[in-house]
Amino acid sequence: MKITKATKEIILSAKQKNLITISEDLSTITYINQNISRNYNNPEEKIQAETFCELVLKYNYPVEQVKQYVKVTVGSDVKEADIIVYNDKECKKPHIIVECKKETITEQEFKQAVRQAYAYAFATAGTVKYIWVTSGIKNEYYAFDKEIDSRESITDIPQYKVDKLASYKFARNGGTTKDGQKLFPLVKVEESELTNRFKQAHQALWGGGELNPSEAFDELDKLIFCKIFDEKKKRGNGQPYDFQIIKVEPKSKDKRDIEKADKETSENLLKRLILLYEEGKHIGERKNDTEIFREGIKLNAAKARMVVSYLEGIDLLHTDLDSKGRAFETFMGSFFRGDFGQYFTPRNIVSFIVDSLPINENNRVLDTSCGSGGFLLHALDKVRKAARDFYDVKDGEEETFECHDQWHDFAKYNLYGIEINEQISRTAKMNMIIHDDGHTNVVTSDGLISAEDLCKATNNDGFKENSFDYIITNPPFGSTVKQTEKAYMHQYKLATKEIDWLNPNSKASERPSQSTEVLFIEQAEKYLVDGGYLAIVVPDGILTNSSMQYVRDYISDTFRIVAVVSLPQTAFSANGAGVKSSVMFLKKYSTDKKQLRTDLRKNIQNSLITNSEDGKKLFELLKDKKDKIAEINKQIKYAERCGDSDAVQQLTDKKLTVTDEFDEQIEFTRENLSESYMEQYKKSLTDYPIFMAIAEDIGYDATGKETGKNELPEIARELSEFIQAIEEGTDHFFQ
């Protein structure tokens with residue numbers, strides 16, 4: 001049984017105080033006072049154990065007055081209440097009824113649990129005053145009055161021997177009210193719990209059918225932003241957070257007044273959320289960051305309150321970056337796969353690419369098709385960890401201002417992303433915000449438009465050509481851009497067919513279309529500084545298909561090929577894509593060096609065509625073919641005029657035979673020329689080593705299940721050393 005960090009603290013504390021014991025294999029929990037043993041693998045039992053420990057250790061109720069699995073007669077049935085807290089040592093006067101459910105309970109099931117708890121309250125003695133229903137990640141509290149039969153929601157249950165409740169539960173660093181009620185600080189949670197909170201909140205928003213999953217995702221994004229913004233606001237110790245349910249007291253115990261006060265509680269909460277959102281939006285717009293704030297909160301008060309009930313008590317801002325990042329990405333990935341069919345680069349591959357490159361806080365980094373921001377976040381995390389190491393900040397310690405500024409300035413000024421899908425772009429921003437920023441320069445746009453047009457369209461002049469040190473990206477595969485669809489196609493050399501040097505009669509022309517992955521390679525060249533690095537996931541067809549030789553020629557002329565790392569066929573299978581892929585690392589040549597290589601290529605080609613025996617032979621064959629076919633065509637026309645159909649058929653067959661014979665000789669000659677060209681071209685170039693690797697196990701199988709092995713970290717370490725040698729000019733060591 002996996003125990004979360006939050007659970008571990010309360011459970012360990014309870015064990016130390018001899019309230020419970022847990023078996024070595026974590027399968028059985030024993031409540032010592034009642035001498036009851038239960039199955040700790042049961043999800044509901046886990047929540048009940050936590051709740052029991054909280055009642056004793058946080059709310060200070062004597063363990064002798066907290067009973068579990070209490071028989072209650074409801075009508076003609078005998079039921080079992082999870083926990084009853086009593087007002088007396090004899091346990092004759094029930095004070096609080098507690099109903100515990102598993103984390104994954106739906107909103108409908110939660111409402112049923114509330115009805116169940118009320119049934120227990122009505123069935124017990126008239127001393128019950130409070131009801132607590134919990135799933136661990138969602139809590140609802142009620143003041144119970146048997147005579148009124150109303151659902152008066154409250155913000156907490158009282159502490160032991162405290163009569164007056166506070167109107168709110170969470171305050172900065174906790175504290176105690178003047179009436180003795182304890183206020184709670186926000187709590188950091190681990191990845192699995194946070195993932196469940198996001199999923200359950202999202203499910204609650206669209207489960208009733210008022211919103212579709214996509215709309216619900218957008219609204220959840222907005223409220224997560226409000227939550228983080230609220231945590232960032234300055235407030236003194238003991239001051240309440242705005243992102244929580246703050247109770248409005250009813251004017252009387254009349255049922256209508258209670259219902260009115262409860263409605264007002266929800267409406268006031270929504271007003272506070274809107275103010276938080278507008279305040280954050282105002283700050284964002286001052287920074288020219290309007291994309292995430294295009295629309296206001298659309299939720300009604302009841303839906304907003306539902307989401308807040310899942311998130312109000314957690315410290316989202318200070319929860320471990322890796323944990324909350326993974327939680328958001330897990331939730332987000334499952335949503336987008338289900339709703340949009342969008343697939344994001346697996347974390348192991350992202351880590352491998354970023355770990356291989358010497359990215360630091362002074363570098364400018366771009367992802368031209370950033371999706372949910374995975375590459376940007378890992379680059380940010382790499383710089384953040386380097387800053388913490390430099391300033392010797394240990395895990396759990398607060399960062400110094402210098403440390404924070406170093407990585408935060410990188411996030412604010414040097415990290416850029418482009419994503420064509422507006423919703424995914426906003427989600428990438430939210431992903432960055434959850435990681436404590438870096439979202440400012442993530443824009444919604446087609447990553448293939450010119451840098452100049454992009455700057456104008458996004459009002460962000462940071463997307464300049466020849467300005468980025470690193471481009472790390474996994475562009476979309478399998479789609480094509482047609483000349484008739486996009487005006488920018490004429491800007492791409494790879495969208496044009498050049499004159500074929502092996503076909504002297506050919507002419508330069510536009511390609512009808514080009515694949516996106518090819519265009520993104522050329523776009524990266526435009527954005528990179530001389531000596532900058534491109535790390536890109538590409539389908540293996542670019543590396544192997546004979547029809548893509550012109551792309552490989554372009555790459556050879558434009559970049560030093562640093563490394564090619566082959567990924568297994570299953571690398572993207574779990575995400576729904578089965579294309580065999582590799583990661584290509586390229587280092588951009590200077591303009592002069594590129595021109596030298598291009599000129600060299602053309603000079604060799606021209607020399608072979610003009611001066612070599614095969615070149616002369618090719619011209620002769622082409623001329624002889626043309627003359628021979630012209631003569632046969634002339635004979636066919638004469639036979640047609642004479643009405644000699646047999647002669648026409650014989651001449652047509654002869655034409656096909658002659659054509660095949662010449663074509664075979666021409667193709668053979670062209671192959672000889674091509675081989676001669678490659679031989680001369682390679683001899684003319686300065687040889688350099690290329691890092692090659694085949695990754696057979698990258699940590700997960702075709703279904704996404706972890707394999708327990710991952711070859712990528714070791715490959716990344718060796719590739720990192722290789723790149724360092726290139727930068728130091730010592731890469732000859734690897735030859």
Side-chain angles (χ1 to χ4, degrees), residues 43-48 50-52 54-55 59 66 68-75 77 79-85 94-158 165 169 196-197 200-201 203-205 207-208 210 244-248 250 253 255-266 269 300-313:
E44 281 193 12
E45 193 63 44
K46 174 189 170 187
I47 303 303
Q48 186 156 336
E50 292 176 24
T51 307
F52 166 77
E54 286 187 13
L55 285 165
Y59 290 88
V66 180
Q68 302 191 73
Y69 320 107
V70 181
K71 303 293 184 189
V72 178
T73 302
V74 181
D77 297 327
K79 304 284 188 180
E80 194 174 73
D82 289 334
I83 303 175
I84 296 181
V85 181
H95 185 53
I96 303 170
I97 299 287
V98 185
E99 182 67 17
C100 303
K101 295 295 180 184
K102 61 184 178 181
E103 279 189 5
T104 54
I105 189 173
T106 67
E107 279 296 314
Q108 205 58 39
E109 290 169 333
F110 197 97
K111 289 176 182 177
Q112 176 58 35
V114 173
R115 291 192 288 270
Q116 189 175 349
Y118 265 83
Y120 294 157
F122 277 111
T124 55
T127 56
V128 173
K129 294 185 69 174
Y130 301 100
I131 290 173
W132 177 9
V133 181
T134 180
S135 67
I137 62 174
K138 178 183 173 71
N139 296 282
E140 286 191 4
Y141 311 93
Y142 300 91
F144 178 76
D145 190 325
K146 199 170 187 176
E147 302 302 321
I148 300 174
D149 187 18
S150 67
R151 299 283 172 90
E152 182 184 354
S153 64
I154 52 180
T155 57
D156 202 356
I157 58 167
L165 282 164
K169 181 175 180 178
N196 280 339
R197 287 180 184 268
Q200 293 297 93
Q203 173 71 28
L205 281 178
E210 295 173 36
Q244 67 173 318
I245 298 165
I246 300 178
K247 178 177 168 55
V248 174
K253 286 296 182 180
K255 187 174 182 179
R256 285 173 297 182
D257 283 341
I258 289 173
E259 290 173 350
K260 183 179 179 182
D262 195 53
K263 183 179 179 182
E264 193 176 345
T265 296
S266 298
L269 171 61
N300 60 35
K303 288 284 188 182
R305 181 171 178 170
M306 204 179 295
V307 174
V308 169
S309 69
Y310 285 100
L311 303 179
E312 62 178 347

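Start at 1 with the first residue, then count along the sequence. These values consider heavy atoms only, across backbone and side chains, with no hydrogens, waters or symmetry-generated copies. Values in this document were obtained by computation on a predicted structure and should not be read as measured data.
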Of all the heavy-atom pairs spanning [X] and [Y], show the shortest one and how long it is.
| X | Y | value |
| --- | --- | --- |
| I47 | S135 | CD1-O, 3.6 Å |
| Y310 | A204 | CE1-CB, 4.2 Å |
| I97 | A117 | CG2-O, 3.9 Å |
| I258 | K253 | CD1-O, 3.6 Å |

_Donor-acceptor contact present, side-chain N300 to main-chain A302, <3.5 Å_ =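 Here the side-chain-to-backbone pair exists.
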*Test V308 against I245 for side-chain contact (heavy atoms from CB on, under 4.5 Å), laying out the working first.*
CA-CA 7 Å; V308 169; I245 298 165; 4.3 Å; yes
_Candidates Q48, E45, K46, E44 - the one meeting side-chain contact (heavy atoms from CB on, under 4.5 Å) with K102_ =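 Testing each of Q48, E45, K46, E44 against K102, the sole residue satisfying side-chain contact (heavy atoms from CB on, under 4.5 Å) is E44.
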*asked:* Please enumerate all residues that pass ring-ring contact (aromatic ring centres under 6.0 Å, His included) together with F52, with sequence neighbours excluded.
replied: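 Only Y31 meet the ring-ring contact (aromatic ring centres under 6.0 Å, His included) criterion with F52.
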Out of curiosity, [X] [atom1] to [Y] [atom2], how far, rounded to the nearest 0.5 Å?
| X | Y | atom1 | atom2 | value |
| --- | --- | --- | --- | --- |
| I96 | I157 | CD1 | CD1 | 4.0 Å |
| R305 | E312 | CZ | CD | 9.0 Å |
| K111 | I105 | NZ | CD1 | 12.0 Å |
| E54 | N139 | CD | CG | 7.5 Å |

*Going by the angle between their ring planes, with limits at 30° and 60°, are Y59 and W132 parallel, tilted or perpendicular?*
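Geometry flag for W132 against Y59: tilted rings.
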*Does the separation of the ring centres of Y130 and Y141 fall below 6.0 angstrom?*
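Ring centres of Y141 and Y130 not closer than 6.0 Å.
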*Test: E152 and K247 ion pair at under 4.0 Å*: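 Looking at E152 and K247, the cut-off is met.
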*asked:* A quick test of your reading: do over 12 heavy atoms of other residues, nucleotides or ligands sit less than 6.0 Å from CD of E80?
replied: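 More than 12 heavy atoms, drawn from other residues, nucleotides or ligands, come within 6.0 Å of this atom.
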